[in-house]
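This structure is a prediction, so every number in the text was calculated from the model and none was measured. By convention in this document, chain letters (A, B, ...) are assigned in the order of the sequence lines, proteins followed by strands, and residues within each chain are numbered from 1.
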Amino acid sequence: MDPFAAYLGKKRFQPPNHHMDYNFRDIEKKWQRHWEASGAYTVSNDSTKPKYYVLDMFPYPSGAGLHVGHPLGYIASDIFARYKRLQGYNVLHPMGYDAFGLPAEQYAIEHGIHPADSTRQNIATFEKQLNNIGFCFDWSRRVNTSDPGYYKWTQWIFLQLFGSFYDRPLKKARKIEELVAIFTHEGNQDYPCPGDDSIRFTAEDWAGYDQKQQQDILMHYRLAYCGYGEVNWCEALGTVLANDEVVNGVSERGGHPVEKKTLRQWYLRITEYADRLLEGLDSVEFSDAMKEMQTNWIGKSSGAEISFQIESELGTVPSFTAYTTRPDTIMGVDFCVLAPELDWIIQIASVEQRPEVEKYIAYVKSRSERERMAEKRITGCFTGAYAINPFDTDKKIPIYISEYVLAGYGTGAIMAVPCGDERDYKFARNFQIPITNILGDLFDGETANPTKDAKLVNSGFLNGLPMREAMEVVIDKLTGAGIGKRKINYRMRDAAFSRQRYWGEPFPITWKDGVAIPLNEKELPLLLPQVEKYGPGPGGAGPLATIEEWTGKGLETNTMPGYAGSSWYFLRYMDPHNTEAFCDPAASSYWNQVDLYIGGTEHAVGHLLYSRLWTKILYDLGFISFQEPFKKLLNQGMIQGSSRFVYRLHGTQEFISHGLIAGQQVDKIHVDVNIVDGVELDTEAFKKWKNQEFANATFILEDGKYICGVEVEKMSKSKFNTVNPDVLVEKFGADTFRMYEMFLGPVEQSKPWDTKGIEGVHRFLKKLWRLFFEEEKGAVFTEDAPTAAELKVLHKTIQKVQSDTERYSFNTVVSAFMVCVNELTELKCHKKQILAPVLIMLTPYAPHIAAELWQALGEDGEVLDAQFPAFNPALVRESAKNYPVSINGKMRTNMEFPLDMDKQSLEAAVLGNEVVQKWIEGKTIKKFIFVPGKMINIVI
RNA sequence: GCCCUGGUGGUGGAAUUGGUAGACACGCAGGACUUAAAAUCCUGUGAUCAGCAAUGGUCGUGCGGGUUCAAGUCCCGCCCGGGGCACCA
C-alpha cells in the first residue's frame with residue numbers, strides 16, 4: 001500500500017505533509033528526472049579540476065536482462081566516482097556495451113531475428129534497469145562495440161597491428177615499412193623471424209623474392225598475422241565450437257561428435273610482448289593474486305632445446321627437438337613423449353605399433369585440450385621408435401606419444417626424467433619403463449624428487465656436479481656441438497584473433513592470390529553485410545562465406561573475436577564522438593590511465609592481457625602517451641544464486657516438504673526463488689507458476705509449511721534463481737538497493753544472493769529520515785549548536801567513512817552510517833550542523849535521499865557537488881582507554897586507565913585488581929606485558 | 001590435473017599492523033503502543049556447564065600440528081566450496 005494513502009486514511013483531518021514519511025518512490029523519480037534534465041552527470045574534457053577515471057568492465061547485453069549480480073561492481077564504482085566528485089575531482093564514469101558475441105548470433109540462428117535488432121532491444125532493457133538504480137554514468141559517452149561508428153576504429157586499430165612488427169632490439173612495435181627498409185639493406189640477420197626462425201635471408205635474397213614471397217615473409221613478422229590453427233570442429237553442426245560448448249567430446253547442443261580441424265586463422269603476436277607484459281605488472285596496482293595469474297599465464301621459463309636423433313624403421317624423420325627446463329637431467333632421460341597431434345608421428349611408428357598409434361591419435365583427436373590436461377588416468381602409446389641420447393649414443397630411449405604433451409607448448413616434445421618429475425615417474429611406472437636414478441640418495445624409488453640441489457650420479461661426464469652447475473655445462477656443450485641451445489620459453493601462445501562467425505567485426509582485408517591486402521583507411525568502416533542465414537559457411541568458414549558479393553570482392557570471411565572491441569573501449573569513452581580518430585591525443589593525455597577499474601576475476605587473463613597488449617602497441621606507435629591502461633584494478637566477487645528446490649514424489653503431482661524426503665523417490669525440481677520466502681514455498685503462487693504447469697499440485701507439509709531445499713549455484717535464468725533488481729528497487733527504492741548490495745559483504749568476495757536482509761537497510765534509511773522529520777511533529781531539525789558528544793559521533797563517522805571508502809570497504813561504511821544514525825537517535829540530535837555533513841557523506845551511497853534531505857534543510861547548491869567534510873582528530877580524541885587485562889593471554893577483566901599513565905603505576909593498579917589477584921594468587925609473575933593503547937597481559 | 005581464491009554464531013558479515021572474536025544487520029524469542037494488524041520502539045540472543053539471580057567456569061574462527069606472552073590473523077600438512085585454463089562474455 002502506498003504510504004501516503006495510508007497516511008491520509010489515518011490523519012484525514014490534517015493537511016498532507018509530503019515530508020513526514022520517507023516516500024522513496026517519489027523522491028527517487030524526482031531527483032533522477034532533475035539530474036537528467038540538468039545534465040548533472042555530463043563530464044567535460046576541459047576542466048581545471050584534477051581528473052579521475054572510474055571504469056566498470058562493460059557488460060555483454062544478454063537477453064536475460066540485468067540480475068542483482070551485475071550491479072554489484074557498478075554500485076561500487078558509482079560510489080567511488082561520486083566520492084571523488086565530492087573531493088573536488090573531474091570524474092569520468094562512463095558505461096557502454098560489449099555488444100558483439102555468440103549468444104545474439106545463436107538467438108538469430110534459432111529465431112531469425114537479426115543480432116543487431118536483438119542487441120538493440122537488450123541494450124534498451126539493460127539501460128532502463130541501470131537507470132533505475134541511479135548511477136551517475138555520463139550516458140552521452142555511451143559506446144556500443146557493434147556500432148559501425150565504433151567498430152570502424154576497431155578495424156582501424158587492427159590495420160595498425162597488421163601494419164606493424166615488433167622490433168626485438170628496440171623492444172617496441174614499429175611500422176612494417178621500416179622493416180622492409182631494413183631487409184632491403186641488410187636482410188634479416190639482426191631480425192630473426194618470430195614466426196619461423198629458420199627463415200634467413202640477405203639483402204640480395206630479399207631483392208630476388210617476388211611479391212608473394214616477400215609478403216609471406218612479412219606475414220611472419222606482423223603483429224596481426226594469418227596462420228593455421230586447430231579448432232573444435234563439429235561436422236554435424238557444420239561449425240566451430242567454443243570449449244565450453246563441448247562436453248565430454250560431443251557438442252553441448254545435440255550431442256554430436258567434435259574433433260580437431262586445422263583452419264586458417266588470424267593471430268595477434270602477443271608472445272613478442274610477453275616480457276613487457278610481465279614487467280608492466282610492477283607499475284600497476286593489481287592484487288598479488290591477479291599478477292600471479294597473469295604471470296603464470298605468460299609462463300616464462302628458461303631452459304634448453306635439445307635435438308634428439310630418431311631411430312625408426314622407416315627412417316624418414318631424422319630427429320626432433322625437445323624443450324626442457326632441466327637440461328642438467330639429460331642423463332636421466334628414460335623415455336621421450338611427443339604430442340600425438342604432430343603430423344609426422346605416424347612416419348616414425350613401427351609396423352607393429354602402427355595400428356595402436358593410429359588408434360591413440362584418433363582418441364586424442366576427440367579430446368578437448370581441457371580434458372587432456374584434466375585427465376587423471378595415464379594414457380599413451382609406444383611408437384616403436386627410439387631417440388638417441390646425444391651424450392650417450394648407446395642409450396636407446398623409447399619414444400611415446402601421450403595426450404599430456406601439447407603440440408602448442410614448447411616444441412610439443414619432452415624428454416622424460418622419471419626420477420625427477422612426478423608425471424614422468426607415474427608414466428614410467430604405468431608402462432614399466434626402467435628408471436635411471438641420477439639423484440643418488442635423494443631419490444627413494446617411490447616418488448620423484450624435483451630437486452635442483454642433488455649432486456649428479458649415473459650421469460657420465462656430469463657425475464659429481466651439482467645440478468645448478470650442470471645446467472650451464474650441458475647448455476654449453478649442446479651449443480658447442482650444434483645440437484641444442486639455451487632457450488627462453490613462454491607458456492602463452494599467440495592469441496587467436498578470428499572466429500568463423502557472423503556477429504563480430506569484419507576484417508578490413510581482401511585476399512588476392514593468397515596475399516592479404518589491407519583496405520584503405522578511407523574505406524572504413526567495412527560494414528557487416530546483411531545475411532539471409534546465420535548458419536556456417538562451407539568447410540568451416542563463417543557465415544560471410546555464403547555471401548557472393550562478399551567473397552566476390554575477395555573479402556576476408558572470418559570476423560574478429562569478442563575481445564577485439566573490448567581491448568580498447570576505455571580509450572573511446574575519452575572522446576566518443578570523434579570521427580577523425582579513435583581518440584584525440586589531447587583527450588587521452590588528459591584522462592590518461594583508468595584510475596580505478598572494477599570487474600570480475602573471470603577476466604583475469606583474457607580481457608586484461610589483451611587490453612594491456614593493445615595499449616602497449618598503441619603507445620609504441622605513438623598514438624597514446626601511456627602503456628598500461630588500468631592503474632588500479634579492483635576485483636568484484638561473483639554474486640551467486642541461491643537455488644530453491646521442490647520435491648515431487650516420482651510419478652505423481654504430490655510435492656513433499658524437504659524435511660520429509662528421506663527414503664522417498666523424488667524428482668528434484670528448481671523452483672523460482674521469487675515465490676519462496678526464505679525456504680518456505682508460497683504454494684498458491686507455485687500453482688500459478690510456469691503457466692499453471694503445477695496447477696494440480698498437492699503438498700505434504702511439515703509444521704504446516706512447505707520447506708524447499710537450498711543449493712548455491714551460478715545465477716542463471718534456467719535455474720530460476722535470478723533476482724531482478726527492478727523488483728527490489730520498486731519495493732524498497734534505489735538507495736536501499738544500492739546500500740544493501742554493499743552491505744552484503746566485501747565487494748571482492750563472492751557470495752550467494754539473499755534478499756532477506758534488505759529490510760534492515762531500508763529501516764536504517766527510515767531511521768535517518770526520522771532525524772529530520774517525525775510523524776507527529778513534521779520537521780524537527782534545528783539550528784542549535786552541537787555538543788561535544790554529537791561532534792564526536794560525526795567525526796568518528798567522517799574518519800571511518802573516508803578511510804573505508806578509500807580502501808573499498810563499502811560494507812563497513814554502511815554499518816558506520818548505521819552506527820552513526822543509531823547514536824544520533826540516542827542523543828536525540830536533530831542539529832543541522834551535524835546532519836548536513838552526514839548527508840554529504842551519504843551522497844555516494846544513497847544519492848536520492850541525501851539530495852532530498854539536503855534540499856529540505858535549505859542548504860545551498862546540489863549535494864552532489866558539496867565538499868566532503870574534513871575530519872578533525874581533536875574532536876574524537878580520547879583521554880582514557882578501557883584496557884583488556886589478560887592472564888596468560890586469556891582475557892579476564894577490563895580496567896580503565898588514562899592514556900598517558902606511566903607503566904609503574906599502571907602495573908601496580910593492575911596487580912592490585914581483585915580479579916587479577918584471584919588469578920595470580922600464589923603464583924609468581926614471570927612477565928608483565930603492557931602495550932600502550934592496546935592491552936595488558938600478565939604471564940604467570 | 002594445473003593456477004588463483006575463500007571457509008568465523010541459525011544467516012550475511014566485523015575484527016585495517018599478531019593484541020577484548022562475533023561490530024552492524026537479518027532471523028528468532030519476549031515485551032510496549034494498537035480493538036486488531038502493519039509500522040515503530042525496547043530487551044535478550046555463539047555453544048555449554050554451575051547458579052533463583054547477579055555472576056562465574058570451560059569450549060569456540062573448516063580439520064590436524066607448530067611458532068608466540070598472545071593466533072581468525074604467521075608457518076607446515078590436509079579437507080571442502082568458488083573462479084580460470086586460451087572460440088561464453
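- Checked against side chain to side chain contact (heavy atoms under 4.5 Å, CB included), A:Glu748 has the following partners two or more places apart in sequence or in another chain: A:Leu634, A:Pro746.
- Put simply, A:Asn822 has a side-chain N or O that comes within less than 4.0 Å of OP1 or OP2 on B:A25.
- Qualifying side chain to side chain contact (heavy atoms under 4.5 Å, CB included) partners for A:Asp804, counting only residues two or more places apart in sequence or in other chains: A:Lys800, A:Arg807, A:Ser809, A:Thr812, A:Val813.
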**OP:** Quick one, give me the B/S/- string for nucleotides 68-75 of chain B, reading 5' to 3', where B means a protein heavy atom under 4.0 Å from the base and S means that only happens at the primed atoms, P, OP1 or OP2.
**Re:** -BS-----
**OP:** Mark up nucleotides 3-13 of chain B, 5' to 3', with B wherever a protein heavy atom is under 4.0 angstrom from a base atom, S wherever such an atom reaches only the sugar-phosphate, and - elsewhere.
**Re:** SSS------BS
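- Contacts of A:Glu245 classified as side chain to side chain contact (heavy atoms under 4.5 Å, CB included), with partners at least two apart in sequence or in another chain: A:Leu102, A:Leu241, A:Ala242, A:Arg253, A:Arg501.
- How far CG of A:Leu765 is from CZ of A:Phe817: 10.5 Å, rounded to the nearest 0.5 Å.
- Looking at residues two or more places apart in sequence or on another chain, you find no salt bridge (charged side-chain N to carboxylate O under 4.0 Å, His left out) involving A:Arg892.
- Residue-level contact check: A:His607 touches neither bases nor backbone, having no heavy atom under 4.0 Å from any strand.
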Dump the pairs, protein N or O against N or O of nucleotides 41-47 of chain B, anything under 3.5 Å, distances to one decimal.
unit_1: B:C41; atom_1: OP1; unit_2: A:Arg770; atom_2: NH2; d: 2.8

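- By the side chain to side chain contact (heavy atoms under 4.5 Å, CB included) test, A:Asn721 is found to be paired with A:Ser643, A:Val673, A:Glu713, A:Met715, A:Lys719, residues two or more places apart in sequence or in another chain being considered.
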**OP:** Toss me the dot-bracket line for RNA chain B: Watson-Crick and G-U wobble, both under 3.5 Å, 5' to 3', using | for pairs to another strand and [ ] for crossers.
**Re:** (((((((..(((......[....)))((((((.......))))))(((((....)))))..(((((..]....))))))))))))....
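- Near-neighbour residues of RNA chain B inside residues 260-270 of chain A, defined by a heavy atom below 4.0 Å, number-ordered: A:Gln265.
- Separating the CD atom of A:Glu105 from the C1' atom of B:A89 is a distance of 14 Å, rounded to the nearest angstrom.
- In this structure, A:Arg499 reaches the B:C87 phosphate: one of its side-chain N or O atoms is under 4.0 Å from OP1 or OP2.
- For residues 930-940 of chain A, no pair satisfies salt bridge (charged side-chain N to carboxylate O under 4.0 Å, His left out), with sequence neighbours left out.
- Applying the salt bridge (charged side-chain N to carboxylate O under 4.0 Å, His left out) test to every pair with at least one member in residues 757-767 of chain A, sequence neighbours left out, gives these pairs: A:Glu759-A:Arg763.
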